[in-house]
Amino acid sequence: MDAKTNTKTAQLTIGDKNWSLPVYPGTIGPDVIDIGKLYSQTGMFTYDPGFTSTGSCESKITFIDGDEGVLLYRGYPIEQLAEHGDFLETCYLLLYGELPTAAQKADFDYRVTRHTMVHEQMMRFFQGFRRDAHPMAVMVASVGALSAFYHDSTDISDPHQRMVASMRMIAKLPTISAMAFKYSIGQPFVYPKNDLDYASNFLRMCFAVPCEEYKVNPVLSTAMDRIFILHADHEQNASTSTVRLAGSSGANPFACIAAGIACLWGPAHGGANEAALKMLTEIGKPERIPEFVARAKDPNDSFRLMGFGHRVYKHYDPRAKIMQRTCHEVLKEMNIKDDLLDVAVELERIALHDEYFIEKKLYPNVDYYSGITLRAMGFPTTMFTVLFALARTVGWIAQWKEMIEDPHQKIGRPRQLYTGATRRDYMPITRRK
Ligand code: SDX
């Protein structure tokens, strides 16, 4: 990492003692206060459950401005990348920091395409799951199991092995995701085809059957590719922080990405697209929206409007606007009149005018429209977070790579505020009441 320059300091006064803490500026976004020596100087820890005000690392990959609704991948606005590029171009950008030249793009596409097959024995690995296993459970297990099949790319100290492991995961996640889907519906696995682009290859592996030729619908492959771009990375979110923490112990990259998939599964995070569609289905029709809005506002009801709100975006999630447009394109192409879209649009309209949601700064996030779109494309609800994990794998790898290559990185090991029992002696069971 570049040497941090601090021109400012923060003053901390506790009782009659005063400390100066270095302040570092970012190229954009908030400055940070370096508290790395706080404990050794003051004997105190900071306290920030949920890390609402804590910067865990220095990064050059993704920048989010929650107030302005800005999302930049290596400085490029998400709107422009989604409009003009494709997902593998975004993968190259996130991994290497610059948009590829035509020659670099061709080479990168070639290398990814030729890593898309998985070890044939993984087929048997799948057979161990019940057919009704949630595809995310299959993903966590299968990606973790890659370290059992690809020993030659688990030495994280070797840059070549790090690169091979990265390419393997970017290339194989679509194949594994499609296998999880096919296994869940009892259809045969479909091998990747090297003459298809990334998104088209994935759609074919999901929806082709041996009995007939599968023709990729370009509207759907474009939508799929754009959805992958929107989900590729997102700064230090929960699953990315999980990958960084796992990687800081020196765990192999496959295990770190499997940990990220496990974290993403939660309904507060990547599981929200599945939860949002279930919520819209439960609401069922616009007339029932007020009942659910009232529940979301009721402090005694744990119900939340899934697909709304975000830790960082406090005006709107720029991905949600692109997702909404993509949703309309797919529904039009598939000639689907989905009542849930009517519910979603009406719920968004009501929420955006309701004092509670305005005051709490709750707006649709990327997960709000993705569920309706993916269902229209033919994916079952249980596959929604799988697609999120597929796309986010490149972001996790880019962040993991940045951490591994940081000469100052050390194992992550937070401390705590202890409020448990003070020291006490063991009580024999005969004397316990
Ligand atoms: C993703 O981090 C990332 O970048 C994640 C992500 C990525 O790309 O990696 O963007 C992907 O995970 C998007 C978020 C998907 N999750 C959901 O849609 C689930 C529903 N949303 C909430 O669970 C919630 O909004 C979070 C988890 C997303 C954010 O929670 P925060 O920032 O911790 O905020 P909070 O829970 O403290 O809520 C602030 C207030 C609370 O009220 P008070 O306690 O202050 O009275 O807003 C309320 C909450 O009750 N609130 C909601 C709400 N979300 C927050 N009320 C109703 N419905 C909601 N959805």
Original post:
Do I33 and L12 pass the side chain to side chain contact (heavy atoms under 4.5 Å, CB included) test, and can you show the C-alpha distance, the side-chain angles, and the key distance before you say yes or no?
Top reply: CA-CA 11 Å; I33 301 170; L12 175 63; over 6 Å; no

S166 and I397 have their tightest heavy-atom pair at OG-CG2, 3.3 Å

(message) Tell me whether Q409 contacts the main-chain N or O of M403 through its side chain, where contact means a donor paired with an acceptor under 3.5 Å.
(response) no

inquiry  = If you apply the rule side chain to side chain contact (heavy atoms under 4.5 Å, CB included), what do you find for K182 with M205, and how did you get there?
reply    = CA-CA 8 Å; K182 283 302 203 184; M205 288 189 282; over 6 Å; no

Notebook entry, point to check: How about D86 and Y198: does a side-chain donor come under 3.5 Å of a side-chain acceptor?
Noted result: no

query = I28 and L72: side chain to side chain contact (heavy atoms under 4.5 Å, CB included), yes or no, with the steps?
reply = CA-CA 11 Å; I28 37 179; L72 307 177; 3.8 Å; yes

Without swapping roles, check the side chain of Y92 against the backbone of E98 for a donor-acceptor pair under 3.5 Å. no

For the CG atom on N335, are there more than 12 heavy atoms of other groups (residues, nucleotides or ligands in this structure) within a distance under 6.0 Å?
no

With a cut-off of 3.5 Å and sequence neighbours excluded, list every side-chain donor-acceptor pair involving residues 411-419.
from : atom 1 : to   : atom 2 : distance (Å)
Y418 : OH     : A421 : N      : 3.0
Y418 : OH     : A421 : O      : 2.7

Please tabulate, for the side chains in residues 378-388, all donor-acceptor contacts under 3.5 angstrom to protein atoms that are two or more places apart in sequence or on a different chain.
from : atom 1 : to   : atom 2 : distance (Å)
T385 : OG1    : G270 : O      : 3.2
T385 : OG1    : N273 : OD1    : 3.2

Taking the basic N atoms (NZ, or NE/NH1/NH2) and the acidic carboxylate oxygens, is any pair closer than 4.0 Å for R168 and D152? yes

Between T240 (side chain only) and N237 (backbone N and O only), is there a donor and an acceptor less than 3.5 Å apart? no

Answer yes when R226 and E329 have at least one side-chain N-carboxylate O distance shorter than 4.0 Å, and no when they do not.
yes

Separation between CG (L71) and CG (D65), nearest 0.5 Å, reads 10.5 Å

Please tell me if the side chains of M224 and F87 come closer than 4.5 Å, counting only heavy atoms from C-beta onward.
no

Inset, instruction - Evaluate the side-chain proximity of M334 to L220: yes if any heavy-atom separation is below 4.5 Å, no if none is. - result: yes

Requested in this report: Spell out, as yes or no, whether a donor-acceptor pair under 3.5 Å connects the side chain of H315 to the backbone of D67.
Outcome: yes

Separation between CD1 (I61) and CG (L93), nearest 0.5 Å, reads 10.0 Å

Item to check | Residue M163 excluded, over 12 heavy atoms near CE under 6.0 Å | outcome: yes

Are the side chain of K172 and the backbone N or O of M117 linked by a donor-acceptor pair below 3.5 Å? yes

With a 4.5 Å limit on heavy-atom distance, are the side chains of L203 and M377 in contact?
yes

Could you check whether any side-chain N or O of Y356 sits under 3.5 Å from a backbone N or O of V293, counting only pairs where one atom can act as donor and the other as acceptor? no

Rounding to 0.5 Å, atoms OG1 (T90) and CG (L95) come to a distance of 10.5 Å

When you measure from the side chain of D317 to the backbone of V366, do you find a donor-acceptor pair of N or O atoms at a distance under 3.5 Å? yes

Quick check: does any side chain N or O of D48 sit under 3.5 Å from a backbone N or O of S53, one acting as donor and the other as acceptor? yes

Above 12 or not: heavy atoms from other molecules or residues under 6.0 Å from CZ of R131? yes

When rounded to the nearest 0.5 Å, the distance separating CG of D406 from CZ of R244 is 8.0 Å

Just by modelled atom types, is the H310 backbone N or O under 3.5 Å from a matching donor or acceptor in the N365 side chain?
-> no

Between the CD1 atom in I261 and the SG atom in C256, the distance rounded to the nearest 0.5 Å is 11.5 Å

The ring pair (Phe, Tyr, Trp, His ring centres under 6.0 Å) partner of H234 among F63, Y73, Y313 is Y313

- Task: Just do the side chain to side chain contact (heavy atoms under 4.5 Å, CB included) check on K321 and Q324 with the steps written out, would you?
- Result: CA-CA 5 Å; K321 288 182 179 292; Q324 186 187 47; 5.7 Å; no

Worksheet item: Can E235 and S59 be counted as having a side-chain donor-acceptor contact under 3.5 angstrom?
Response: no

Could you check whether the rings of F254 and Y150 sit parallel, tilted or perpendicular, using 30° and 60° as the cut-offs?
tilted

Original post:
Is the shortest distance from a Lys or Arg side-chain nitrogen in E359 or K297 to a carboxylate oxygen in the other one below 4.0 Å?
Top reply: no

**Message:** Using a 6.0 Å cut-off, check whether atom CZ of F51 has over 12 heavy atoms from anything other than its own residue.
**Reply:** no

Open item on the list: Are the side chains of F292 and L347 in contact, using a 4.5 Å heavy-atom criterion?
Closed with: no

### Carboxylate-amine/guanidinium proximity below 4.0 Å for E282 and K278
no

*asked:* When you compare the side chain of H328 with that of Y369, does any pair of heavy atoms fall below 4.5 Å?
replied: no

Is the ring pair W265/H134 parallel, tilted or perpendicular, if the boundaries are 30 and 60 degrees? tilted

Closest non-hydrogen atoms of S157 and D155, given as atom of the first, atom of the second and distance, are OG-OD1, 2.5 Å

Measure the shortest side-chain to side-chain distance between F126 and I176 over non-hydrogen atoms and say whether it is less than 4.5 angstrom.
yes

**Item:** Parallel, tilted or perpendicular, as decided by the 30° and 60° cut-offs, for the rings of F125 and F149
**Value:** perpendicular

| task | Tell me, yes or no, whether the heavy-atom count around Y191 atom OH, taken from other residues, nucleotides or ligands under 6.0 Å, exceeds 12. | result | no

Value for CD1 (I64) from CD1 (I78), rounded to nearest 0.5 Å, stands at 10.0 Å

On a heavy-atom basis, the closest approach of Q161 and S153 is OE1-CA, 3.4 Å

inquiry  = Between D367 and G307 (side chain of the first, backbone of the second, donor and acceptor by atom type, cut-off under 3.5 Å), is there such a pair?
reply    = no

* **Audit row: S221, D225, side chain to side chain donor-acceptor pair (under 3.5 Å) steps and yes/no** => CA-CA 6 Å; S221 58; D225 195 83; over 6 Å; no

Sorted by chain and number, sequence neighbours left out, salt bridge (Lys or Arg N to Asp or Glu O under 4.0 Å) with K361 holds for none

| task | May I ask you to test the L196-F202 pair for a side-chain heavy-atom distance under 4.5 Å? | result | no

Looking at side-chain heavy atoms only, is the closest gap between Y363 and F357 below 4.5 Å?
-> no

